Amino acid sequence: MPFPVHISVENRLEDLNATTLLGGFIEQASQSFNLTIVTPLTGSDSQADATISVPFADREHIRIAFNIYASEIEDAHGLGLYFHMESAF
């Protein structure tokens, strides 16, 4: 059974692109999980979102991976980035 999640990034920093940031997570996660893109990545410099799914057994692991990715990006670039993930059931 797939577990769909909606992921998004809001960017308030001028030197970063929200679509690139979220795309980086999707690419990284696709190497670790059997990931399916439900709704393709869309967005701009300031906001991006997508809906992905993973096997139900990986539902917590994808959340952990997303939180780690967000933390690493925020550590590297500071405040002004907002990462969000929610169930898309």
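Numbers for residues simply follow the sequence, beginning at 1. Everything quoted here is computed from the prediction, not taken from an experiment.
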Side-chain heavy atoms of S87 within contact of F3, under 4.5 Å: yes

Whether S32 side chain and A29 backbone form a donor-acceptor pair below 3.5 Å: no

Spatial distance of atom CZ (R12) from atom CD (Q47) [nearest 0.5 Å]: 9.5 Å

Min side-chain heavy-atom separation I7-H84 under 4.5 Å: no

H77 NE2 to N11 CG distance, which is reported to the nearest 0.5 Å: 9.5 Å

Least distance between heavy atoms, N34 atom then P55 atom: O-CD, 3.4 Å

Spacing of CD1 belonging to I73 relative to CD1 belonging to I68, to within rounding of 0.5 Å: 12.5 Å

Side-chain heavy-atom pair F83, E74 within 4.5 angstrom cut-off: yes

Side chain proximity check, L16 to L81, heavy atoms < 4.5 angstrom: yes

Plane angle bin for F25 and Y69 - parallel if under 30°, tilted between 30 and 60°, otherwise perpendicular: tilted

Co-membership, hydrophobic cluster, residues L35 and M1, 4.5 Å side-chain: yes

Min side-chain heavy-atom separation H61-R59 under 4.5 Å: no

Shared hydrophobic cluster, I64 / L22 (ILVMFWY, side-chain heavy atoms < 4.5 Å): no

Test side chain to side chain contact (heavy atoms under 4.5 Å, CB included) applied to S53 and I37, V38, V5, the passing residue: V38

Beyond-backbone contact of E14 with D45, side-chain heavy atoms, under 4.5 angstrom: no

Hydrophobic cluster identity match, L13 and L79, side-chain contacts under 4.5 Å: no

Any side-chain heavy-atom pair of T19 and L41 under 4.5 Å: yes

R63 to F66 six-membered ring, cation-pi geometry met (6.0 Å, 45°): no

Smallest separation among heavy atoms of A18 and V9, with atom names: CB-O, 3.9 Å

